[in-house]
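Take a look at the structure set out below.
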Amino acid sequence: DIPVYLPSSLVDFVSRPEGGAVVVFATPAVASTVSVALSQKLRAAGWQAGTSGSWSKAGRRLHLTVEPSAAGSRFRIEF
């Protein structure tokens with residue numbers, strides 16, 4: 001139930017030793033568009049916004065980072 005911005009391509013996926021994962025995607029869309037869209041999708045999926053990209057839902061947490069890149073932007077989801 002963690003939404004992904006489309007169109008996007010998977011850039012990296014790393015399992016964290018303590019559990020969870022870090023997933024990085026690239027998209028041709030600008031960072032501000034991606035940030036707004038993912039925030040809306042997370043809220044619609046029942047996630048509650050915290051501070052500085054932190055989100056929570058039923059005892060679960062994730063951190064979202066969106067950064068501009070030469071080809072659009074990249075977004076990183078840590079959960």
Side-chain angles (χ1 to χ4, degrees):
D1 66 339
I2 299 173
V4 174
Y5 184 87
L6 296 176
S8 62
S9 300
L10 180 65
V11 174
D12 197 11
F13 179 94
V14 178
S15 294
R16 296 168 66 174
E18 67 274 11
V22 177
V23 187
V24 181
F25 295 89
T27 179
V30 297
S32 59
T33 299
V34 175
S35 184
V36 168
L38 282 175
S39 293
Q40 290 172 343
K41 288 181 177 200
L42 284 164
R43 281 190 191 89
W47 290 88
Q48 294 183 353
T51 58
S52 301
S54 296
W55 294 81
S56 62
K57 177 181 180 179
R60 296 166 49 211
R61 296 197 175 275
L62 71 80
H63 187 80
L64 172 66
T65 306
V66 182
E67 299 176 328
S69 70
S73 62
R74 286 185 174 213
F75 58 99
R76 173 186 178 114
I77 301 171
E78 299 176 55
F79 58 94

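All heavy atoms count here, side chains included; hydrogens, waters and symmetry mates do not. Throughout, residue positions are numbered sequentially from 1 according to the sequence presented.
Considering only residues two or more places apart in sequence or on other chains, P3 meets the side-chain contact (heavy atoms from CB on, under 4.5 Å) condition with K41, L42. Applying the side chain to side chain donor-acceptor pair (under 3.5 Å) rule to R43 yields no partners; only residues at least two apart in sequence or on another chain are considered. For S32, the side-chain contact (heavy atoms from CB on, under 4.5 Å) partners at least two apart in sequence or on another chain are V30. Residues passing the salt bridge (charged side-chain N to carboxylate O under 4.0 Å, His left out) test with R61, sequence neighbours excluded: none. Taking the ring-ring contact (aromatic ring centres under 6.0 Å, His included) definition, one finds that F25 meets it with F75, sequence neighbours left out. The salt bridge (charged side-chain N to carboxylate O under 4.0 Å, His left out) search around R60 returns D1, not counting sequence neighbours. Remark: V11 pairs with V24, A26, R74 by the side-chain contact (heavy atoms from CB on, under 4.5 Å) rule, at least two apart or across chains.
The two residues A31 and V66 have their closest heavy-atom pair at O-CG1, 3.5 Å. Closest approach of S15 to F13, counting heavy atoms only: OG-CE2, 3.7 Å.
Here the straight-line distance linking atom CG of L64 with atom CZ of R76 works out to 11.0 Å at 0.5 Å rounding. Here the straight-line distance linking atom OG of S35 with atom CD of E67 works out to 11.5 Å at 0.5 Å rounding.
Put simply, the side chain of T27 gets close to the backbone of P7: a donor and an acceptor are under 3.5 Å apart.
Among residue pairs with one or both ends in residues 13-38, those qualifying as salt bridge (Lys or Arg N to Asp or Glu O under 4.0 Å) are R16-E18; sequence neighbours excluded. Residue pairs meeting the ring-ring contact (aromatic ring centres under 6.0 Å, His included) criterion with at least one member in residues 38-71: none, sequence neighbours excluded.
Transitive grouping of hydrophobic side chains (ILVMFWY, heavy atoms separated by less than 4.5 Å) brings V4 and L38 into a common cluster. Under the 4.5 Å side-chain heavy-atom criterion for ILVMFWY residues, no single connected hydrophobic cluster contains both V22 and F79. There is a path of hydrophobic side-chain contacts, each under 4.5 Å, that joins V34 to L10.
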